[in-house]
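Here is the structure we will look at.
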Amino acid sequence: MSVVKVAEAATALPRAWSSRVLGRVGTAEVKVLRMDELPVEEERHAEPEALLVLDGLLELDVEGEVVTVGPGEMYVVAAGTAHAVRPGSSGTLVIVEAEEHSGDRPSHGKLAR
């Protein structure tokens, strides 16, 4: 595999909150997306997911608690945990998520279109 230019991949996305798979590690996908300050509705996943902010700021509501993730910081959402993106989140986000055990993967709301 060649070097992936993550910032360029994010810039090339057709719209905010759409994502692009950059690669796979075992059963996990590594995705990039652009945030645009709009909120994203609450979701849950059967598997944990890692959210790494490359630039900008990610504001989450995690089961009623506000979590702020800044540039160069990562937050791991535990499996089955309700979480939503709060208004004002913007920048570039990398998501690492394993496949769901059920075989069917949810659409992850706006985070993985």
With clusters defined by side-chain heavy atoms of hydrophobic residues (ILVMFWY) lying less than 4.5 Å apart, directly or transitively, does [Y] cluster with [X]?
X: Leu33; Y: Val40; value: yes
X: Trp17; Y: Val21; value: no
X: Val62; Y: Leu57; value: no
X: Leu54; Y: Leu22; value: yes

Nearest-0.5 Å distance, [atom1] of residue [X] to [atom2] of residue [Y]:
X: Arg86; Y: Leu38; atom1: CZ; atom2: CG; value: 14.0 Å
X: Leu60; Y: Glu65; atom1: CG; atom2: CD; value: 10.5 Å
X: Met35; Y: Leu51; atom1: CE; atom2: CG; value: 9.0 Å

Between Thr92, Val30, Val94, Val32, which is the residue that forms a side chain to side chain contact (heavy atoms under 4.5 Å, CB included) with Leu52? Val94

Closest contact, heavy atoms only, Ala79 versus Ala46: CB-O, 3.2 Å

Can you name the nearest heavy-atom pair linking Ala84 to Glu41, along with the distance? CB-C, 4.0 Å

Does Glu49 reach the side chain of Glu29, with side-chain heavy atoms less than 4.5 Å apart? no

Taking only distance into account, with no hydrogens and no angle test, what donor-acceptor pairs under 3.5 Å do side-chain atoms of residues 67-78 form with protein atoms, sequence neighbours excluded?
unit_1, atom_1, unit_2, atom_2, d
Thr68, OG1, Glu59, OE1, 3.0
Thr68, OG1, Glu59, OE2, 3.3
Glu73, OE1, Gly70, N, 2.6

Backbone N/O of Glu42 and side chain of His83: donor-acceptor pair under 3.5 Å: no

With distance as the sole test, does Arg34 use its side chain to make a donor-acceptor pair with the main-chain N or O of Leu13 at under 3.5 Å? yes

